[in-house]
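Written below as structure tokens is the structure these notes are about.
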Amino acid sequence: GGVGVGGERGRGGELMEEPVVRHPTQEPPVVGHMVIRAPIGTVCDYVTRPKTWPGWYPITVGVESKVDRPALPGDEWREEVKLPLWSGYFYWEALERNRPHTFRYHGYAEKKGFMPKLSSGGRATINYTFCEVGGGTLFQRVLEYSSPNWLMVVFDKLMFHNAVIGASTDALLNVKKNLEAKVAEK
């Protein structure tokens, strides 16, 4: 199975025919999907356990969480992130989990270092869906986010959005590699 990541796809991964009307600081969603040769529950539990993220999401430097298990609604954690020209924290909260089919969480960004107030406050919601497909699992990840101000909208258009798409592509490939190797060991 190949990887697919793009910026103008609908929630189900279909190409969108009509332009989407968004708030001016709402960025295009980042949609990615990957078929992984592993059981659906294994894939779901792996990617919904925040402490595994540094092992597969390339921009995640670390995760602080009170629990070391797949996240449940109400769980909160802090993710440290490093992107080109931006580093900081995302504070996340799990909103819903329907194991092994869906998981949704949301949060906000807090920049560290140079001019933190200018680029903090962006908000994001991430939705995961999992479907059994011929001998494996189709994992889809949809990131919807908004920039905190017009300057960050410009920065997003020039650099950030493409960096996020690249990181999302690499993340899906890493999940596939990690879980398929784990399944092969058994």
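Computed from heavy atoms alone, side chains included, the values below leave out hydrogens, waters and symmetry copies.
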Y108: hydrophobic cluster co-members (side-chain, 4.5 Å)
Y89, Y91
Indicate yes or no for a side-chain donor-acceptor contact from E180 to the backbone of R37 under 3.5 Å, with no hydrogens or angles considered.
yes
Do T42 side-chain atoms and A38 backbone N/O form a donor-acceptor pair below 3.5 Å?
no
Taking the ring of W53 and the ring of Y105, is the distance between their centroids below 6.0 Å?
yes
Is any side-chain heavy atom of [X] closer than 4.5 Å to a side-chain heavy atom of [Y]?
| X | Y | result |
| --- | --- | --- |
| H161 | P28 | yes |
| I36 | V175 | yes |
| T137 | M34 | no |
| T60 | K82 | no |
| T125 | Y145 | no |
| Q140 | V31 | yes |
| R141 | Y57 | yes |

Going from CG on D75 to CZ on R97, what distance comes out if it is rounded to the nearest 0.5 angstrom?
9.5 Å
Output every pair passing salt bridge (charged side-chain N to carboxylate O under 4.0 Å, His left out) with a member in residues 49-59, not counting sequence neighbours, ordered by first then second residue.
R49-D68
What are the two closest non-hydrogen atoms of [X] and [Y], and how far apart are they?
| X | Y | value |
| --- | --- | --- |
| P39 | V183 | CD-CG2, 4.1 Å |
| A109 | F90 | CB-CE2, 3.5 Å |
| V164 | V30 | CG1-CG2, 4.0 Å |

What about L95 and V47, same hydrophobic cluster or not, with Ile/Leu/Val/Met/Phe/Trp/Tyr joined at side-chain heavy-atom distances under 4.5 Å?
no
Mind checking ring pair (Phe, Tyr, Trp, His ring centres under 6.0 Å) for F130 and listing every partner two or more places apart, or none if nothing turns up?
F139
Report yes or no: do Y46 and N178 form a side-chain donor-acceptor pair below 3.5 Å?
yes
Residues E79 and W92: side-chain donor-acceptor under 3.5 angstrom
yes
